[in-house]
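Numbering of ligands and ligand atoms starts at 1, following listing order.
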Amino acid sequence: MSQETGDRTGQVSEREARAVAEAARETEWRKPSFAKELYLGRFRLDLVHPHPTSDPDDVAAGEAFLAPLRAFCETECDGSVIEREDRIPEEMIKGLADLGAFGIKIPRAYGGLGLNHVYYNRALEIIGSVHPSLGALLSAHQSIGVPEPLKLFGSEEQKREFLPRCARGAISAFLLTEPDVGSDPARLRMSAVPDGDDYVLDGVKLWTTNGVVAELLVVMARVPATESSRGGITAFVVEGDAPGVTVERRNAFMGLRGLENGVTRFHQVRVPSSAVIGGVGLGLKIALTTLNTGRLSIPAICTASAKYSLKVAREWSRERVQWGRPVGRHAAVAHKISFIAATTYALEAVLDLSAHMADEGRNDIRIEAALAKLWSSEMSWLVADELVQIRGGRGYETADSLRARGERGVPAEQVLRDLRINRIFEGSTEIMHLLIAREAVDTHLSVAGDIIDPEAKLPAKARAAVQATAFYGRWLPQLVTGPGQRPSSYAEFGRLAAHLRYVERASRRLARSTFYGMARWQGGLEHRQGFLARVVDIGAELFAISAAVVRAELIRQGGLLPAAGSPAPDGDSAYELADAFARQSRLRVDRLFDALWRNTDSVDVRVAEGVLEDRYVWLEAGIVDPAPEGAWIADATPGPGTGENVARRFLPSTRESAG
Ligand SMILES: Cc1cc2nc3c(=O)[nH]c(=O)nc-3n(C[C@H](O)[C@H](O)[C@H](O)COP(=O)(O)OP(=O)(O)OC[C@H]3O[C@@H](n4cnc5c(N)ncnc54)[C@H](O)[C@@H]3O)c2cc1C
């Protein structure tokens, strides 16, 4: 279907918005998917166990990069400087560029390091733990910026022209969001009008991570439909200093100080048609496909943050004595420490399993990567919140203030602030729930689609009913029993076997529950966001338990190399952590199952309607609004810019050094 939607003001209906998202979806499943099977009630342990491992050559190349990277980060990079000055010092960026950190995943043939996902993530963990803005800089450049879309969809000429520049340090940015375009790309207004062999770009982009300093941009713009082309949202690669590009502002945030994030205006920016990536109308598909594995960089940064939280919790809770014992020996704090340790272990398990699966290429990992992003951003936030609580008043105090009083400058409040954005960008938690739910119920939609489509005609519904009866007649009986009910199943996992049996049983129960939801609400299911979110969250926890258990077994068998300079992981302690995590996770799963049918969803929707209709406005009396005036959404009318261009470029342009 055409992606041409909406009127000229960008107004689009819910149906149009959904149609645009649907058109960008990858619909084919050529490889098996562990998570998709899980949602269908089939626990395919064989897809994740034995835990995949990296090729020895990849390990050697990865370790050869990590050693100097770690040394550089330990000796040359001080995160507190970034925090204080709200800028990443130029020499840090230059040092990272010299090490090749801007081309970690770029193939060697194009001047990059050609490392795999596992080592890209490990590098992000090291860099992100110095300061998360460094992680954001590199991941916005490599996970969504110019290199990845070109690697996946670019022509050979584009790859030869741009990838070596990116690898040398041409910082890149990805520009989709506009003041009136957030989670819903169907509203996208920025235009790309064909003019001879060129396109002319006009519009305003918001929250452009790296945009202030970027040399290269991936820009999403709408090509109008013509008689010969369906047009649609299209990705362009654009020079950051092209005439007509103005960075109008550098934005400031709750966290991620040092992020070079801006507002970029395009006024009559002329680009050649060779700047189109992939093809006209493929922009959103490119964005979504890029994110399939690109999404793993957020879990990497979340995992690094949780590891740091664990380190501080361990050291501080032993040292700080109150009421006659170290605070870590008071049960209330011990519960938090256990949660932090077990969750950190599982965060790494989810990240590493997903990345290894991405490298191995045997499975389709788009749901696993999406689950990893969703689950890691939520859980690491809880971990950081517990760390702040364990640190007491010091958790709320800034690192600079602590240092000034003569104490260790632990930035616990900064950890919390920096993590918060991960639940919003690269797909907010709410949007991730919808995106994953769409995949989880995909099989149902394809067999029962016309039955539940309110607009389908009667004959189509009748045909769909016959098809659905045949499918469910075969499928539902399979959900009644399974290996999870046999006490001897998965015995090779020792005491962790019980958790795998639980996952197997819960997977079938989840599929049955999804079916009941479909049967009960039919076409209305898509509006039952509370129900769908719980279905997705149960799947996320089951994936995390599976990852935790297979990782423990990998460690027990000596299959996990220790990180340089760190103690070797041992099987017994990995089993302990996996066991603790699975027990904690199972309680969350049980609560989620219960809440599928016992909740306040309908009441909440009614109350929210009341709020939006001003029914309870009396409740807000007695306060002062600190932000009384101003537009909710800034005007983004295309046209010439009026302000100063605040773009900064500090590295020598890679164009000049090319060839
Ligand atoms: C620091 C930072 C860096 C960023 N970097 C980039 C970047 O490099 N490139 C880029 O293009 N963008 C970037 N963004 C934009 C980011 O991706 C968006 O903020 C995000 O997509 C959410 O859009 P929004 O903020 O407009 O929220 P909105 O879409 O306005 O949503 C508001 C709320 O409603 C919820 N919501 C929206 N639709 C639905 C729905 N259908 N069902 C249920 N809930 C819904 C959302 O989850 C959210 O809670 C960045 C943003 C920030 C703050």
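Taking distance alone, with nitrogen or oxygen atoms compared against 3.5 Å, F174 approaches ligand 1 more closely than that limit. Residue contacts with ligand 1: L176 is placed with a nitrogen or oxygen under 3.5 Å of a nitrogen or oxygen of the ligand (distance criterion only). Polar contact check, D184 against ligand 1: no nitrogen or oxygen pair lies under 3.5 Å apart.
For atom 17 (O) of ligand 1, the closest heavy atom belonging to the protein is F425 CB, 3.8 Å. Counting protein heavy atoms only, atom 48 (C) of ligand 1 is closest to E430 OE1, 4.2 Å. Here the heavy atom of the protein found nearest to atom 7 (C) of ligand 1 is W207 O, 3.1 Å. In this structure, the protein non-hydrogen atom closest to atom 20 (C) of ligand 1 is I424 O, 3.8 Å.
With sequence neighbours excluded, no residue forms a ring-ring contact (aromatic ring centres under 6.0 Å, His included) with Y110.
Considering only non-hydrogen atoms, atom 29 (O) of ligand 1 lies nearest to S183 out of A136, A173, S183.
Using a 4.0 Å cut-off between heavy atoms, I421 contacts ligand 1 through its side chain alone, with no backbone atom that close. The part of N261 lying near ligand 1 is the side chain, judged by heavy-atom distances below 4.0 Å. Counting heavy atoms under 4.0 Å from ligand 1, residue V181 does not touch it at all. Proximity of Q529 to ligand 1, defined as any heavy-atom pair under 4.0 Å, is confined to the side chain (atoms from C-beta onward).
For R606 and E609, the salt-bridge test fails: no basic side-chain N is under 4.0 Å from an acidic carboxylate O.
Considering all non-hydrogen atoms of both residues, A35 and L371 come closest at CB-CD1, 4.0 Å.
Atom 12 (N) of ligand 1 is flagged as protein-proximal [any protein heavy atom, distance under 4.0 Å]. Using a 4.0 Å threshold on non-hydrogen atoms, atom 35 (C) of ligand 1 does not count as touching the protein. Within 4.0 Å of atom 44 (N) of ligand 1, at least one protein heavy atom is present. In this structure, atom 15 (C) of ligand 1 has protein heavy atoms in its sub-4.0 angstrom surroundings.
Note on residues 286-296: pairs passing side-chain hydrogen bond (donor to acceptor under 3.5 Å, both in side chains), not counting sequence neighbours, are E26-N292.
Proximity of a side-chain donor or acceptor of Q142 to a complementary backbone N or O of P147 within less than 3.5 Å is not detected. The main-chain N or O of P132 is never found under 3.5 Å from a side-chain atom of D418 such that the two would form a donor-acceptor pair.
Once rounded to the nearest 0.5 Å, the distance linking OG of S143 with NE2 of H117 reads 8.0 Å.
Distances below 4.0 Å separate heavy atoms of G182 from the following atoms of ligand 1: 23 (O), 24 (P), 26 (O), 29 (O). Heavy-atom proximity to L434, at under 4.0 Å, picks out these atoms of ligand 1: 40 (C), 41 (N), 42 (N).
T398 and D400 are not linked by any side-chain donor-acceptor pair at a separation below 3.5 angstrom, with hydrogens and angles left out of the test. S191 and D202 share no donor-acceptor pair across their side chains, judged by distance under 3.5 Å alone.
Under a 4.0 Å heavy-atom criterion, L256 is not in contact with ligand 1.
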(request) Decide salt bridge (Lys or Arg N to Asp or Glu O under 4.0 Å) for E83 and R417; before the verdict, give the C-alpha distance in whole Å, the side-chain angles of both, and the deciding distance to 0.1 Å. (result) CA-CA 12 Å; E83 193 61 19; R417 283 190 285 107; 3.0 Å; yes
Item to complete: Go through the steps for E378 and T429 under the test side chain to side chain donor-acceptor pair (under 3.5 Å), then give the verdict.
Response: CA-CA 8 Å; E378 292 292 328; T429 287; 2.6 Å; yes
